[in-house]
Engineer: 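Sharing a structure with you now.
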Number of protein chains: 2
Amino acid sequence: MASRAKATILDIAREAGVSKSTVSLVLQGSGLIRPETAVKVRKAIEDVGYVYNRGAANLRKAHSNVIGMVINDLTNPFFAELAVGMERVFQSAGIVPFIANTAENPVRQEEVLKSLMEQGVAGLIVSPARGTTPGAFRRLETAGVPVVFAMRRLPDSRIPVIAPDNHRGAYLAAAHLIGKGHRRLAFFGGTSDLVVYQERLGGFREACETLGIARRDVLIVEGETSRRGGIACLETALAMAEPPTAALCFNDAVAFGVMLALRKRGLEPGADFAVVGFDDVVEAEHYMPALTSVSVDTAGLGERAAHVMLKMIQSRTTRAEDHIGAVNLVVRDSCGPDRRARPAGMGDAA
Amino acid sequence: MASRAKATILDIAREAGVSKSTVSLVLQGSGLIRPETAVKVRKAIEDVGYVYNRGAANLRKAHSNVIGMVINDLTNPFFAELAVGMERVFQSAGIVPFIANTAENPVRQEEVLKSLMEQGVAGLIVSPARGTTPGAFRRLETAGVPVVFAMRRLPDSRIPVIAPDNHRGAYLAAAHLIGKGHRRLAFFGGTSDLVVYQERLGGFREACETLGIARRDVLIVEGETSRRGGIACLETALAMAEPPTAALCFNDAVAFGVMLALRKRGLEPGADFAVVGFDDVVEAEHYMPALTSVSVDTAGLGERAAHVMLKMIQSRTTRAEDHIGAVNLVVRDSCGPDRRARPAGMGDAA
DNA sequence: TTGATTTATTGGAACGTTCCATTTATAGAG
DNA sequence: CTCTATAAATGGAACGTTCCAATAAATCAA
């Protein structure tokens, strides 16, 4: 059934008694072939255990059918959700996306990008690693490979971005906290080299300012965007002379870390210290207490990114419009009112 | 700087005033080239914005440098951890593994496998989807592509397997529960078409038998291997006339679901109903209460699988030995003693 | 100097496809 | 029948590499 060496279309041609061109046409589902011939060829294909060599085909064809997804942290369930959304739309387009993980490492990212390019990808959806240098995507650009950024963006690049409305999300979250009576607020996690960070922090700051929180009452603690980072942030904050009573976290992972650290100190998240996350990963709903978080419709953004990509490939362009997804605050149980404020019977302006 | 059409080694050759063969040699880092020539060529490569065409190269070379990882559920953090372990070793071998998700769908898996083969992968590490047909990997076999199964295996295939000692893990977990005084035990989640399920259930059953649990006191509830599946299992179990007091779950996701469902019913996981998970994902430690689980050294298994793969490629074989990883039970807070047993002061034989 | 040896470099065939331009077969019109 | 139009199948030249065999240049032994 299977021959020693790899079978090629010539082997099939011989087996079926037709020319290689005919086999090629059948492979491409061309309507030019007489149905009976096609059947004969397909049988031969089956018989010799043929596997199509896409590399050889791409040598002649303009476009490959490979799309790469380059993700900065696969262990964050958030990105897995994003990937799932993308896969949904690529699947229906007959494309198998290849996922590669950069583990938040720009050097690794460089390798991944290089490898994907060499493979002849038709397009790339990327959530760039922290500390990506501005030139990292120049090669892609000059090669004319369509790229879209998902969730994260680079300081000043012309590459289209699909991301949630970070500013508004953070504003909503901070306003919620302030509405609950909190007057000393913190922003936990993330680092300023991330544009997303700037955006989220910006929304947070704007809320504080317009809703009358004094500048000296807001605390910013940078940190890793992981559970561990969250733990560290809380430690830092509680070591202050006048610690905050509530925090907006850069993302849910950080929020989980903060809740963990609170528990370890015998404090109850929600009651003793309010915490809000960002991204609303599925775990958020299931945590104890359930985490209030900014929902960004992750899978939807993934789908959107995939659609944009498909359109770019189709129209052979490397440009597209940005897309900012709507967000909304999902209120759960992780932020009670400010304990200290209550007994004083403070009224709130807004 | 960048030319219109894609640059090839011939363009470089012209630019550097050498032959294409020389360029090829430089690209491969051959020592046959005079250093000054190599420098000249490398400069030309930079100047024309060349990107290597691996497809063309693979047409001539025996082996590609692509390794695929086919995973049945990327949203399960367990598999992300596995992937991370593999990536560690591939990276140091200068290989970028491509990850593809099958979402537990055999049809999708078929497509993914086909696509990866067409791409000319050097090898495949696969955690097969549930319901994979026995013939699904025949093509790979006849094509001589090395494949290793990670975590899961197929009923009777000769493909090497890297997996934890499921039987022993389940035995340990069940024994722990019995040691705590529980006499009515359940096994939650998973379906019998999974070999892993058979193994884990087997270990569970053996423990029950040798440690004196009556057959009518053990309850098996099949279900999805997800949080949702866990919720369903618990509902089913508690609807019984004489419900179990403790459960070993097929994996941590199921266990999380069970804990969730308990809470929803006003029961406290650990105190009112004991639950043990399997896999020991990072979340297990951080749950409330922290989940007792069978630790399988996920990343370690990933590394092992990658090593086996590398060795298979190197020795151009398609066979390798199975590797069963050691497991151990990590006891945390999710299983207290049987409430009902205590007052009666029952002693235990073993 | 000559021939042999080593060191650098090179042309050309091959790899497995696609696709254009042809050829061959089939049918329809007169 | 022949002529034309249509349908079906085909040969051959690319595509961008690698690698073998061959050449050219430099070095060495005598």
Side-chain angles (χ1 to χ4, degrees), chain A residues 3-42 44-45 48-66 114-115 117-122 143, chain B residues 3-42 44-45 48-66 114-115 117-122 143:
Chain A
S3 55
R4 301 283 147 261
K6 234 153 229 165
T8 76
I9 50 170
L10 279 110
D11 298 311
I12 299 171
R14 201 175 320 113
E15 182 85 6
V18 298
S19 80
K20 62 174 172 39
S21 303
T22 305
V23 177
S24 175
L25 258 4
V26 172
L27 249 15
Q28 295 169 77
S30 160
L32 292 177
I33 303 295
R34 201 151 42 101
E36 319 143 54
T37 311
V39 168
K40 198 170 54 178
V41 169
R42 266 190 273 273
I45 288 177
V48 303
Y50 169 74
V51 0
Y52 184 73
N53 185 333
R54 212 168 276 277
N58 286 343
L59 220 42
R60 292 276 325 184
K61 290 212 288 211
H63 264 328
S64 83
N65 78 144
V66 179
K114 178 152 167 269
S115 175
M117 282 197 74
E118 292 180 355
Q119 229 58 238
V121 287
Chain B
S3 54
R4 301 281 147 263
K6 233 151 230 169
T8 76
I9 50 170
L10 279 111
D11 298 310
I12 298 171
R14 200 175 321 112
E15 182 84 8
V18 298
S19 79
K20 62 175 172 40
S21 303
T22 304
V23 177
S24 176
L25 258 3
V26 171
L27 248 16
Q28 295 168 76
S30 162
L32 291 177
I33 304 293
R34 201 152 41 103
E36 318 143 54
T37 311
V39 168
K40 198 170 53 179
V41 170
R42 267 190 273 271
I45 289 178
V48 304
Y50 169 76
V51 0
Y52 183 73
N53 184 333
R54 211 169 276 277
N58 286 343
L59 222 41
R60 292 277 326 188
K61 292 215 287 211
H63 265 327
S64 85
N65 77 144
V66 179
K114 178 151 166 272
S115 175
M117 282 196 75
E118 291 180 356
Q119 229 57 241
V121 288

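Order of the sequence lines sets the chain letters (A, B, ...), proteins ahead of strands, with each chain counted from 1. No experiment lies behind these values; they were computed from the predicted model shown.
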Engineer: Considering only dT17(D), dT17(C), dG16(C), which nucleotide approaches the side chain of Ala56(B) most closely?
Structural biologist: dT17(D)
Engineer: Tell me: CG of Leu32(B) to P of dA25(D), nearest whole Å?
Structural biologist: 18 Å
Engineer: Would you kindly compare Gly55(A) and Thr22(B) by the position of their nearest DNA chain C nucleotide and give the one closer to the 5′ end?
Structural biologist: Thr22(B)
Engineer: Counting just side-chain N and O atoms, does Thr37(B) come under 4.0 Å of either OP1 or OP2 of dA8(C)?
Structural biologist: no
Engineer: Out of dT10(C), dG16(C), dT18(C), which nucleotide sits closest to the side chain of Leu25(B)?
Structural biologist: dT10(C)
Engineer: His63(B) has an atom NE2; how far is it from atom P of dT18(D), in whole Å?
Structural biologist: 16 Å
Engineer: With nearest nucleotide decided by heavy atoms, which residue, Tyr52(B) or Ile33(A), maps closer to the 5′ end of DNA chain D?
Structural biologist: Ile33(A)
Engineer: About how many Å separate CG of Asn58(A) and CZ of Arg54(B), when rounded to the nearest 0.5 Å?
Structural biologist: 14.5 Å
Engineer: Counting only side-chain nitrogens and oxygens, does Ser19(B) get under 4.0 Å of the OP1 or OP2 atom of dT10(C)?
Structural biologist: yes
Engineer: At their closest point, which heavy atom of Tyr50(A) faces which heavy atom of Leu27(A), and how far apart are they?
Structural biologist: OH-CD2, 3.9 Å
Engineer: State, with a plain yes or no, whether a side-chain heavy atom of Asn53(A) is found less than 4.5 Å away from one of Thr8(A).
Structural biologist: no
Engineer: For Asn53(A) and dT18(C), give me the distance from atom CG to atom C1', rounded to whole Å.
Structural biologist: 12 Å
Engineer: Can you measure Leu10(A) atom CG to dG12(D) atom C1' for me and round it to whole angstrom units?
Structural biologist: 12 Å
Engineer: OP1 or OP2 of dA7(D) less than 4.0 angstrom from a side-chain nitrogen or oxygen of Arg34(A), does that happen here?
Structural biologist: no
Engineer: Could you tell me whether Ser21(B) contacts a base, only the sugar-phosphate backbone, or nothing, with contacts defined as non-hydrogen atoms closer than 4.0 Å?
Structural biologist: base
Engineer: Is any side-chain N of the basic residue among Lys40(A) and Glu36(A) closer than 4.0 Å to the acidic one's carboxylate O?
Structural biologist: no
Engineer: CD1 of Ile9(B) versus P of dC15(D): gap in Å, rounded?
Structural biologist: 13 Å
Engineer: Identify the two heavy atoms, one from Ile33(A) and one from Ala38(A), that lie closest to each other, and give their separation to 0.1 Å.
Structural biologist: CG2-N, 3.8 Å
Engineer: Would you mind reporting whether Val26(A) and Thr37(A) have side-chain heavy atoms less than 4.5 Å apart?
Structural biologist: no
Engineer: dG16(C) C1' sits how many Å from Lys61(B) NZ, rounded?
Structural biologist: 17 Å
Engineer: Mind checking if Leu27(B) touches a base, just sugar-phosphate, or nothing, with heavy atoms under 4.0 Å?
Structural biologist: nothing
Engineer: Could you state the atom-to-atom distance from CD of Gln119(B) to P of dT17(C) in whole Å?
Structural biologist: 13 Å
Engineer: Just N and O in the side chain of Gln28(A): are any of them under 4.0 Å from OP1 or OP2 of dC19(C)?
Structural biologist: yes
Engineer: Which of these nucleotides, dT17(D), dT18(C), dG16(D), is closest to any side-chain atom of Lys20(B)?
Structural biologist: dT17(D)
Engineer: Tell me whether the side-chain N or O atoms of Arg60(A) pair up with the base of dT17(C) as donor and acceptor below 3.5 Å, since no angle test is needed here.
Structural biologist: no
Engineer: Nearest whole Å is fine: how far is dG16(D) P from Glu118(A) CD?
Structural biologist: 15 Å
Engineer: Compare side-chain N and O positions of Ser24(B) against OP1 and OP2 of dT18(D) and report whether any pair is under 4.0 Å apart.
Structural biologist: yes
